[in-house]
**Q** 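Pasting a structure below so you can have a look.
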Amino acid sequence: MRPNPISLDRRQFLARLAISPLLSLLPALASDKTALRVASLDWALAETMLALGHNPIAIVDAASWNKFVVEPLLPAGIIDLGLSTEINFELLAALKPDLILTSPFVQELEPALQRIGQTLELSVFEKSAVPFAQQQVLTHTLAERLGRSEVASAFLAGAEKQFDSYRARISALHPLPVLLVNFMDGRHVRVYGGSGLYQNVLERIGVSNAWTGETNYWGYSTVGIEKLATSQNLRLIAFEPIPPDTQPTLARSPLWSQLPFVKARQVSVLPPVLMFGAIPSALRFARLIIELLEGLKK
Amino acid sequence: MSATEKLGDARAHGPLTLSLALAALAAGSVWILLATPVSHALAHGNATNGYDVVRMVLVYATLPRLAMALLCGAGLAAAGAILQQVLLNPLASPTTLGVDAGARLALALATLFTPSLLGFGRDAVALFGSAASTVLVFALVRRTFSAISIVLAGLVVSLYCGALSAMLILVKDRYLASLFIWGSGSLSQQSWEPTIALAWRLAIIAIPLAFLVRPLTLMELGDESARSLGISVERLRFLAIAIAVVLSALVTSAVGVIGFIGLVAPILARLSGARRFGERLLWSSLIGALLLLLTDATLQNLAGFSSEFLPTGAVTALLASPLVLLLLPKLKTATRPPLQISPRVGFAMPRSLAVTVAFAAFAILVALAIFAGRSSTGTWQLFPSNGWADVFAWRLPRTAAAAAAGALLGTAGLILQRLTNNEMASPEVLGVSAGAIFAVAVSLFVFGNVKTVQEGIASAIGGFAVLALILLLGRRSGFAPERVLLAGIALSALIDAIVGVLSAAGDPRAVLLLGWMSGSTNGTAAATAIQAGLGAAVLVAASLLFFRWLTILPLGGAQARALGVPLGHSRFMLLLLAAVMTAAATPIIGPLTFVGLMAPHIVLVTGIRRVLPALLCTAAAGAGVMVLADWIARTIAFPLQLPTGLVAAMVGAPFLMVLLSRRGTAYAT
């Protein structure tokens, strides 16, 4: 497998470049004393808030954010509410949030949360056929509640423009179909397709997914690595982290090492992207893919 | 039933007939699996230029996988046959002795903390884990190698390892599906290398094993006779157990946990008529190999029908546990001598003083748990920053609910230990908790997201369904406590396997299920706490009414009958009460606390022996342990809160080991 050819600095630079036109639209935050104090129990909602320029005061599992969401880095001063299965209610209550954002995943906490403050449940993932429709609705609903509808419209329009430009750049590259995987160990992968975030992005920017097998409700499937055997010409993209014994194990497998796409060195690695993310994660995934594919052409 | 009858008829050529039948079935399944790819490979030969997917998958995935199934089945079955022989225990196996669970936990720890070890050191890691859990099981039962005690200890250690793994997954990593995959044993292969490596290792182990066959056979004559023939029984035992542990660790290291093959294959060999140990070892290995091959080939044939990932190990457990239930009546388990309770052990305080001390300690704990905590910035403080608001809204309900659940489980544990004369009996191994988990899992996976109320209802239904089943199975034996416990163990394993299958696919709901199993008291509503408290008060009070039975039953069946206790009826009532208590407590603090095991032992140490004060003190001890666990869970890792149930297991289990290790005189058997 090749190391990721794109250096971190360049990626961060590009990230800022991509967001900079949006930033200019945001009203100054510091002066906004009346802003709602919002706690988010869902990362996708938290990242959407960050994109709308309204930082949450507290989020769940903040300690792992930089490992799974990666970008944007979590701004300093956001309070960690603990594990998502074990929210620190005393802490949350002491913060006296105006609004608590929840998802269907923490539904069972609803009665306890309602003792603390107003809640708003937003479902990030619906198995809808229309890519991003759910995320757009979610962004608007959230923005309305935060009084940032205009920012949201600008953000969504910017995102659409961004996706369109990515699509144009992709069509110039004529990329191979991609196989998106997470290595579980030396013998198993999770492969993505169906109607998950990654698939939505691939469709939006015009990259075809080589995985035609079934996936579960969330758009992925756990399979033995032998299920990836194919004579099709494709590019395998593996998300980090890759367990350390995976590469040596695979190198010794004829089934793997003689695969056409392995022989042709069409295997790349991407940093993690939040699978249950919203538009910001989708934009980031699209950017990572296009940087990767363009980097390969050079 | 018919299967076992047939086995009996075929006794003369039993093992051969059984192996042939299995071989025929396995061959049929393998043929279905291989027909298309083999004919494709033959037709195209090596002529195809480029990558021939069908041929590559056949040669480097399907065939090594089938060979791996044969090897793993044989290795595990041999390990089981050895353990059953050494311990003279028909229920011994790598699964029931906790050997598997130790390897699994060690691999999970290595995955999380020292992933670099997993390359070449995987075997060593698995071996270390297996050895550690085996030593622990033997330390728990000490020298009383009674069949049921050792299996109960094995189950307790397995459950503990499971609790630790669950904690790791919850705290360290949200999407760590690979731990589930290893825990459920997937045979998926992509080269011959692991198969060949395992074959070598098993072949090397076979050499010392061959030398042990004769002395192990002589062990059947009894320790004394064996000794007079010049065999060092202790050394032989140690060596043989070590070999069994190595065999099973190697298999676990190669493919993960394959449940129950090591139990079922030797039982089948024995029941089909293999008499001498040498025969049993050979036939067990063959039967084990064929069983696993049959299971895996069939699973691969069926894989097309399901998009979900089905690990073989979990499926073998799924299939084997009903078989174990079926075979149970065929197996003779030694009846234990009546409980002899020596009146003066431990601190031997005057009884009234002991009771006073117990309740005073409990009161102090409760005060600590309610008042001491962490402020929003994380500093320790003796009074909550929000004052009474915090106490009434958050701390009081969760503390009260934890205490109520602890009291319920503690009392249930005492009842079960008295009823079964077994100090390792506890509600956790009765199967009621497992039934509750299963029902919650089903409701999560079938109905999607469920609310707390529905979870409570589901867990109660599941708990009672298992209870009904256990009572039904137990009725045939007049509620003989050992049978009931064994049935509970088999059901727990069955349900564990189902949960494993659900989780291995990496479904995000598995995390919700884990969260539920970890026993969260977080956010308990005042109403729930009041209900739990009332329930505990009523049920503990009800247990006091049975004090006469609880005094007499441990003297043994004959004695009890002579004293006018209706055996079947009294056992039924006590089991029912224990199960109701468990079903009420499980939704609050989860199924993995071990408090039902711990509380009675804490009380034993204080020297309280009479049933009435023991019941009250056990309730208090159970409540105390849970209150302490709840406080630790809430404060120790601020701002993280840990699940109370798992913290109870973490904190309590080592403490329990200490108690058990110094018991010696408490239960003289």
Side-chain angles (χ1 to χ4, degrees), chain A residues 61 63-64 68 79-91 93-95 104-105 107-113 115 182 184-188 190 213-218 220-226 229-231 243-245 248-250 252-256 258-260 263 275-276, chain B residues 50-53 56-57 59-62 111 115-116 118-119 122 170-171 174 177-178 181-182 186 188-191 193 307-309 373 375-376 384-386 389-390 393-395 448-452 455 504-508 511-512 514-515 518 520 522-523 525 634 638-643:
Chain A
D61 214 357
S64 309
F68 289 101
I79 289 161
D80 193 341
L81 293 174
L83 306 173
S84 58
T85 47
E86 203 69 34
I87 309 276
N88 193 332
F89 288 123
E90 267 187 42
L91 180 56
L95 294 173
F105 251 87
Q107 219 171 38
E108 57 165 26
L109 305 178
E110 196 64 29
L113 292 172
R115 283 150 59 193
N182 251 138
M184 301 276 104
D185 55 36
R187 298 188 291 140
H188 304 88
R190 187 181 277 179
E214 276 191 71
T215 56
N216 64 12
Y217 181 87
W218 289 271
Y220 59 86
S221 182
T222 306
V223 295
I225 287 173
E226 70 275 7
T230 172
S231 51
D245 60 334
T249 310
L250 289 179
R252 293 194 298 267
S253 158
L255 175 92
W256 175 262
Q258 288 179 30
L259 271 172
K263 273 183 144 176
M275 173 173 42
F276 295 107
Chain B
Y51 192 88
D52 182 348
V53 175
M56 290 304 274
V57 168
V59 176
Y60 294 108
T62 315
T111 307
S116 54
L118 285 182
R122 185 181 278 280
L170 279 177
V171 175
R174 314 166 19 118
S178 69
I181 296 178
W182 283 88
S186 157
S188 179
Q189 297 295 316
Q190 290 85 36
S191 86
E193 204 184 54
S307 60
E308 290 297 341
F309 177 70
S375 72
S376 342
S385 40
N386 278 14
D390 267 352
W394 305 109
R395 292 185 190 173
N449 296 303
V450 289
K451 307 230 175 201
T452 321
E455 270 180 7
D507 196 304
V511 174
L512 285 185
L514 265 184
S518 65
S520 171
N522 200 17
R634 205 186 70 218
F638 187 91
L640 253 61
Q641 291 193 11
L642 303 172

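Within every chain, numbering begins at 1; the chains are lettered A, B, ... in the order of the sequence lines, protein sequences first and strands thereafter.
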**Q** Does any heavy atom of chain A fall under 4.5 Å from the side chain of B:Gln190, the backbone, both, or neither of them?
**A**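 B:Gln190 touches chain A through backbone and side-chain heavy atoms alike.
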**Q** If you count heavy-atom pairs under 4.5 Å with chain A, which of B:Ala525, B:Ala61, B:Pro643 comes out on top?
**A**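 So the answer, after comparing B:Ala525, B:Ala61, B:Pro643, is B:Pro643.
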**Q** Say whether, by atom type as modelled, one donor and one acceptor occur between the side chain of A:Asp61 and the main chain of A:Ser84 under 3.5 angstrom.
**A**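 Not confirmed, A:Asp61 side chain does not pair with A:Ser84 backbone.
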**Q** Without hydrogens or angle criteria, can the side chains of A:Glu214 and A:Ser221 be said to hold a donor-acceptor pair below 3.5 Å?
**A**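 No donor-acceptor contact under 3.5 Å links the two side chains.
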**Q** Picking from A:Val223, A:Ile87, A:Leu81, which has the most non-hydrogen pairs under 4.5 angstrom with chain B?
**A**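 The candidate making the most pairs under 4.5 Å is A:Ile87.
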**Q** For the candidates A:Gly186, A:Ser231, A:Pro243, which exhibits the highest count of non-hydrogen atom pairs separated by less than 4.5 Å from chain B?
**A**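 The residue among A:Gly186, A:Ser231, A:Pro243 with the greatest pair count is A:Ser231.
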**Q** According to side chain to side chain contact (heavy atoms under 4.5 Å, CB included), who are the partners of A:Ile79, at least two apart in sequence or on a separate chain?
**A**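 Only A:Ala58, A:Leu91, A:Leu95 meet the side chain to side chain contact (heavy atoms under 4.5 Å, CB included) criterion with A:Ile79.
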**Q** In Å, rounded to the nearest 0.5 Å, how long is the span from CG of A:Asn88 to CD of B:Gln641?
**A**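 A:Asn88 atom CG to B:Gln641 atom CD measures 4.0 Å (nearest 0.5 Å).
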**Q** Mind checking what makes salt bridge (charged side-chain N to carboxylate O under 4.0 Å, His left out) contact with B:Arg634, not counting sequence neighbours?
**A**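 With sequence neighbours excluded, B:Arg634 shows a salt bridge (charged side-chain N to carboxylate O under 4.0 Å, His left out) to A:Glu90, given in chain and number order.
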**Q** Which atoms of A:Pro248 are under 4.5 Å from chain B, going by heavy atoms: the side chain, the backbone, both sets, or neither?
**A**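 Answer is neither: A:Pro248 stays 4.5 Å or more from chain B.
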**Q** Quick one: of A:Asn182, A:Thr249, A:Ile225, who has the most non-hydrogen atom pairs under 4.5 Å with chain B?
**A**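 Greatest number of close heavy-atom pairs with chain B: A:Ile225.
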**Q** Can you tell which part of A:Leu259 gets under 4.5 Å to a heavy atom of chain B, answering side chain, backbone, both or neither?
**A**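 Both backbone and side chain.
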**Q** Sub-3.5 Å donor-acceptor pair from the side chain of A:Arg252 to the main-chain atoms of B:Glu193, do we have one?
**A**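 No, A:Arg252 side chain to B:Glu193 backbone: no donor-acceptor pair under 3.5 Å.
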